[in-house]
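Remarks on the structure that follows.
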Amino acid sequence: MEYNFRDIEKKWFSYWKDQQTYKVKEDANKKKFYVLNMFPYPSGAGLHVGHPLGYIASDIYARYKRLQGFNVLNPMGYDAYGLPAEQYAIQTGQHPEVTTNANIARYREQLDKIGFCFDWDREVRTCDPIYYKWTQWAFQKMYNSFFCNKDQKAYPIEELIARFEKKGSVDLNVACSEDILFTADEWNSYDEKKKSDILMNYRIAFMGETMVNWCAGLGTVLANDEVVDGVSVRGGFPVEQKKMRQWCLRVSAYSQRLLDGLETIQWSDSIKETQKNWIGRSEGTEVEFKVWNDNYNENEKSFTIFTTRADTMFGVTFMVLAPESDLVKELTTAEQKEEVEAYVKYVAGRTERERQIDHKVTGVFSGSYAINPFTGEKNPIWISEYVLAGYGTGAIMAVPAHDSRDYAFAKHFNLPIIPLIEGADVSEESYDAKEGIVSNSPAPGKEPMTFDGEALILNGMTVKEAIAATKKFVKKHNIGRVKVNYRLRDAIFSRQRYWGEPFPVYHKNGIPQMIPEECLPIELPQVDKFLPTETGEPPLGNATKWAWDEKNRQVVDCSAIDNETIFPLELYTMPGFAGSSAYYLRYMDPKNEEALVSKEADDYWQNVDLYVGGSEHATGHLIYSRFWCKFLYDLGVSCKDEPFQKLINQGMIQGRSNFVYRIKDTNTFVSLDKKDGYDVTPIHVDVNIVSGDVLDVEAFKQWRPEYNDAEFVLNDEGKYVCGWAVEKMSKSMFNVVNPDMIVEKYGADTLRLYEMFLGPVEQSKPWDTNGIDGCHRFLKKFWGLFYDRDGNWLPNDDQPTAEQEKSLHKLIKKVTQDIEQFSYNTSISAFMIAVSELQKCRSKAVLKDLVVLIAPFAPFIAEELFQSLKSLKSEECRVKSEESAGGSVCDAQWPVFDESKMKDSEITMPVQFCGKTRFTMQVPADAAKDVVEQMALTDDRTAKYTDGKQIVKTIVVPGKIINIVVR
RNA sequence: GCGCCUGUGGCGAAAUUGGUAGACGCGCCAGACUUAGGAUCUGGUGUCUUGCGAUGUGCAGGUUCGAGUCCUGUCAGGCGCACCA
């Protein structure tokens, strides 16, 4: 009987659906395992063969874990909000919801064909009000929380208010946008608006006037990870820096926890490294410098700089302020005013992209000086764009001898350079390394400043020691403080778009107000246009029913706004990462209307054990999700403070394009191997009419009208061979391979097997349909173990031979190990070997284990054969319980590896040279004694064999002894 | 510039702790069965050499009885960060 994958796959797909085979419930008697894929954005193009790669990898693991007796949660859903649907809506007027739903339906259809064990009852969609209710809820919780630096934990904002009422902001150590000083009396005297403004400074979700990435092309602000090289990731539109009032999340508060958490999770080094860079922790020192100029006497005005090189205090020759710094205005003297203003204007006119690409040395003198606290010298204060306003204090001390940027600046403006490290030559370039012995600190013959009679002397110390000594000194004498800086910025949390979660916020007399929790969700209103309004408001400004009736607690028509009881609702929407940050929690309890996730479900499922997705989310989703999780952990909603325990980044599947070669100015196409000697133009040809790089000539003629009368120069075998290249998989290259077509031609099991056989899951590789026949043949051979060509059922009650047992157990060991390590390609190789070894095996017991082993990879064929084998007695089937005795292969038990079955004629023994064990080798058991005697004769290099030949190395493999004769 | 990763046949790739390099698959070659083969089966297939044999994991060294694997340098490709003080 033929392996009829079409009937088999159709049959078991409906069976699994009818039996709800993949439905999971919390079960205290079973250990849980949570497998998760990054949920897809349902784009209009549908799935190509690259998309399911990660899903297949995780599906195999999920099925394997289930066969091992775990209760496996393997859900799927859709990240349904996003720009493409909205852009499409703007162009066509089609509501994004309509396109999104159509795309989801298409995705689902494609996914269903591949045989995943998803529990679709748990599906979530980020655009579904019952889902985004909890996105809005989490936002409100963040709004009503602040972050205590000392405890490294979020608390309710009420606790902060209570503290303000008692003690004001004195000695406060909480995460904030800026330090604000006020007493309890002052606080209590403030009006509601003032209090609200101050609290915004501390809330975890807050509205702030910040520098944002404004993308005019998209009409919205973007987060830092959505901008690359000064242009938007989506669309590639230029992005400029602009100060705007936006909702933000105080992600930076969690910097240290985000960094520490990386130590507790099993992610790839490269992703961890990327996140570490993005968080950018740097330990340094803040030092106060007093200002000296015509306007200020000494001691009147000072400012703070941040440095990681406290050891270089004696090498400071000038100071630099960021052009955007508030200090610029204060420190510019009257005579420099004009020049400084011109410079600041010039810098403001430079785009982010320009600043990133060319690092011009520019700057202007402010007219003021700063007094170095250690030398007492007056250093000029300059203003330059190479100092960033957003990092540290926006002001630096410049040490040109030991910082390349300061060096370039000093050379350009002819400022002094003082070397501080013994033997450092700074005549050509700066010495940036943090190595060497400090000198010139203080310079010979110069008296350093004293503090309570004590002076800082660093000469003779190593750089490391000098940094430590300076830190200690600075702290002791209150000149500054030890400070840890992070590069991680707060996330801009609002977008000027339509197709996103609306904020559960209304504005009352300039003060944002939260919609009462019990009124959530606030649903996205209907609009007739998806573009910004004529007055420049975001698209939600087009909504007519978008006001909040405080008294009746409901959304009402905008025309009713009276600013007494009815107020306008927020016009911004949330960004894409809002809905994707905590979706993994929602899968645990997707229908709960009372909570994001119930205590019981959260306690049972905890967090994701295995997360599979692309590495491109390293600085986006994977940071935001960790932040969100930590916040929910502080809140007591999640019992884990890391969302994803183990992360696998599947590689990208690139396209493999095919080319035909048209002879210039003709409609004749020449085969690849004949093209030399012709002047040809390569033309992309649809890979779906090419098989094994051989063009289907007739299909090509039909492909495009202009090729109807094409002529061909074929090769000697009468074939047209195409050229090929690896490119991105895209429609325009005609190299998109659709999984449906593969399933139609070869079946889902073959597709699954082949995608895994292609190479390591984590590696990027081009899709090449050419090799797929090998996997399909393997499944046919596998089928052939059970049915002969005439359809006779082959398995019987024969006892397996020792050889067959060995083949099986070798396979069990290999496959089990490989799945644990995600080396699916090598386990498929092992299957191929095992199947050839077991060609003659008729033993049901062995064949049954084989079926269970293949089930994670090729579930359809496994189910079919398993059901056929059910004529076996249930204990032989090793089915776990009576009630599931008639059940699916999914409920079978993973075969147990038995070391004793592997034992045969070989043993492992150590080989010694000169009394030291050099290596181990496998030898026939009965020959062991013999070999020991032979090896006992060894000296440092040679071993003598009984026939008198000199041998340098003896490797014994099963059955034969290979001697390598010494040269 | 700094940090991380990867370099193995015509192709995708294997190779416990250093121990037969190239498993397995594709492709290719030969043969069998065929009217036929983009079906199936069998055998072969790193390179050079008629053969014996030599040689071979980007390149150059080193450690070792022994290196794809460890160390140093170097080249190439990829990724991340990037006036972050």
Side-chain angles (χ1 to χ4, degrees), chain A residues 228-229 268-282 284-285 305-310 312 320 322 355-356 358-361 384-388 390-399 402-406 408-409 432 485-489 615-616 618-619 649 656 691-694 696 719 724 753-754 757-760 762-778 780-781 784 789 817 823 825-834 836 911 913-914 916 918-921 938-943 952-957 960 962-964 966:
Chain A
V228 170
D229 293 335
S268 74
D269 288 343
S270 69
I271 294 265
K272 282 191 188 178
E273 199 60 35
T274 301
Q275 291 212 342
K276 277 183 199 166
N277 280 339
W278 193 257
I279 296 165
R281 182 183 205 271
S282 92
T285 316
I305 58 91
F306 174 79
T307 180
T308 55
R309 291 298 298 274
T312 59
V320 189
R355 280 181 75 166
Q356 272 178 16
D358 79 305
H359 295 169
K360 269 195 238 165
V361 181
S384 174
E385 59 180 327
Y386 86 88
V387 173
L388 305 176
Y391 187 75
T393 59
I396 64 153
M397 61 179 213
V399 186
H402 303 292
D403 183 288
S404 50
R405 298 151 300 179
D406 297 346
F409 195 83
D432 290 19
N485 252 321
Y486 300 91
R487 209 178 59 85
L488 185 66
R489 303 268 71 97
S615 55
E616 68 272 19
T619 55
N649 301 115
R656 187 180 187 278
S691 176
D693 286 339
V694 175
D696 181 336
K719 289 176 184 168
W724 62 275
L753 226 45
Y754 185 57
F757 188 67
L758 224 44
E762 300 190 67
Q763 201 166 298
S764 285
K765 57 229 151 193
W767 176 263
D768 182 359
T769 309
N770 287 343
I772 199 166
D773 289 313
C775 287
H776 193 63
R777 256 196 291 268
F778 160 72
K780 281 197 220 167
K781 280 187 198 164
R789 283 181 199 198
Q817 272 175 6
S823 306
N825 54 335
T826 51
S827 45
I828 293 167
S829 294
F831 271 116
M832 291 175 174
I833 296 167
S836 7
V911 176
F913 287 147
C914 294
K916 269 169 86 180
R918 302 293 192 174
F919 56 92
T920 59
M921 60 185 205
T938 60
D939 61 22
D940 207 31
R941 278 159 198 276
T942 58
V952 70
K953 195 156 93 177
T954 303
I955 303 291
V956 184
V957 292
K960 57 180 174 179
I962 302 163
N963 300 321
I964 296 161
V966 78

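Labels below follow one simple rule: chain letters A, B, ... track the order of the sequence lines, proteins then strands, and each chain is numbered from 1. These figures come from a predicted structure and were not determined experimentally.
Applying the Watson-Crick and G-U wobble criteria (two distances, each under 3.5 Å), B/rU16 pairs with nothing in any strand. Both distances falling under 3.5 Å, in either a Watson-Crick or a G-U wobble arrangement, place B/rU55 opposite B/rG46. Pairing of B/rU69, defined by two Watson-Crick or G-U wobble distances under 3.5 Å, is not identified with any nucleotide. Pair assignment for B/rC81 gives B/rG1, based on Watson-Crick or G-U wobble hydrogen-bonding distances that are each under 3.5 Å. Pair check for B/rU63 finds none; no Watson-Crick or G-U wobble contact set falls under 3.5 Å. Summarising the base pairing, B/rG7 is matched to B/rC75 through a Watson-Crick or G-U wobble pair whose two defining distances lie under 3.5 Å. Both distances falling under 3.5 Å, in either a Watson-Crick or a G-U wobble arrangement, place B/rC41 opposite B/rG31.
Here the side chain of A/S270 is nearest to one of B/rC83, B/rG25, B/rC4, namely B/rC4. Distances were taken from every side-chain heavy atom of A/S282 (C-beta onward) to each of B/rG12, B/rA85, B/rU40; the shortest belongs to B/rA85. Taking only side-chain atoms of A/W278, from C-beta outward, the nucleotide of B/rC81, B/rC26, B/rC24 with the closest atom is B/rC81. Picking from B/rA85, B/rC26, B/rA14 the nucleotide with the shortest atom distance to the side chain of A/T826 gives B/rA14. Nearest to the side-chain atoms of A/P760 among the listed nucleotides B/rA14, B/rC81, B/rG25 stands B/rA14. With B/rC26, B/rA23, B/rA14 as the candidates, the nucleotide lying closest to the side chain of A/I833 is B/rA23.
Between A/F778 atom CZ and B/rA23 atom C1' there is a gap of 15 Å when expressed in whole angstrom units. Rounded to an integer number of Å, the gap from NZ of A/K272 to C1' of B/rC79 is 18 Å. Across the protein-nucleic acid pair, A/L488 atom CG and B/rC81 atom P stand 13 Å apart, rounded to whole Å. The nearest whole Å value for the distance from the CD atom in A/E762 to the P atom in B/rC79 is 17 Å. One can place CG of A/D768 at 8 Å from C1' of B/rC11, the figure rounded to the nearest angstrom. The interatomic distance linking A/E273 (CD) with B/rA82 (C1') rounds to 14 Å, in whole Å. Rounded to a whole Å, the CD1 atom of A/I271 is 10 Å from the C1' atom of B/rG80. Summarising the geometry, the separation between CD on A/Q275 and P on B/rC4 is reported as 17 Å, rounded to the nearest angstrom.
Within 4.0 Å of A/V387, counting heavy atoms only, lies at least one base atom of the nucleic acid. A/P766 comes within 4.0 angstrom of nothing in the nucleic acid, heavy atoms only. At the heavy-atom level, A/D432 lies nowhere under 4.0 Å from the strands shown. Contacts of A/L758 with the nucleic acid, taken as non-hydrogen atoms under 4.0 Å apart, involve only primed sugar atoms and P, OP1 or OP2. As judged by a 4.0 angstrom heavy-atom cut-off over every strand, A/Q763 is placed among residues touching the sugar-phosphate backbone only. When heavy atoms are screened at a 4.0 angstrom cut-off, A/L388 is found touching base atoms of the nucleic acid.
Put simply, CD1 on A/I271 and NZ on A/K276 are 13.0 Å apart, with the number rounded to the nearest 0.5 Å. In this structure, CD in A/E616 is found 8.5 Å from CG in A/N649, a value given to the nearest 0.5 Å. Taking NZ of A/K780 as the reference point, atom SG of A/C775 lies at 12.5 Å (rounded to 0.5 Å). Interatomic distance, A/Y386 OH to A/I396 CD1, rounded to the nearest 0.5 Å: 3.5 Å. To the nearest 0.5 Å, atom CZ of residue A/F757 and atom CD1 of residue A/I828 are 7.0 Å apart.
Here, B/rG46 and B/rC24 have their P atoms 12 Å apart, quoted to the whole Å. The separation of B/rG73 from B/rC2, taken at their P atoms, amounts to 13 Å, rounded to a whole angstrom. Comparing the C1' positions of B/rC26 and B/rU16 gives a spacing of 28 Å, expressed to the nearest Å. B/rC70 sits 24 Å from B/rG77 when the C1' atoms are compared, rounded to a whole Å. For B/rU47 and B/rG22, the C1' atoms lie 13 Å apart once the distance is rounded to whole Å. Atom C1' of B/rA15 sits at a distance of 7 Å from the matching atom of B/rA21, rounded to the whole Å. Rounded to whole Å, the separation between the P atoms of B/rU6 and B/rA13 comes to 14 Å. A distance of about 15 Å separates the C1' atoms of B/rA67 and B/rU72, rounded to the whole Å.
Shown here for A/D406 and A/A398, the closest heavy-atom pair between the two residues is OD2-CA, 3.3 Å. Here the closest non-hydrogen pair linking A/V399 and A/T312 is CG2-OG1, 3.3 Å.
The side chain of A/N770 places no N or O atom within less than 4.0 Å of a non-bridging phosphate oxygen (OP1 or OP2) of B/rG27. In this model, the phosphate group of B/rA85 is approached by a side-chain N or O of A/Y391 to a distance below 4.0 Å at OP1 or OP2. Between B/rA82 and A/R487, a contact under 4.0 Å exists linking OP1 or OP2 to a side-chain N or O.
Each of A/K781 and A/D773 was matched to the nucleotide of RNA chain B holding its nearest heavy atom; the match closer to the 5' end belongs to A/D773. Residue whose closest nucleotide on RNA chain B sits further toward the 5' end, between A/T274 and A/D269: A/D269.
With its glycosidic angle more than 90° from 0, B/rG10 adopts the anti conformation.
Side chain of A/R487 to main chain of A/N277: a donor-acceptor pair is present (N/O by atom type, distance under 3.5 Å, no hydrogens or angles).
Taking 4.5 Å as the limit, some side-chain heavy atom of A/W767 sits within range of a side-chain heavy atom of A/Y754.
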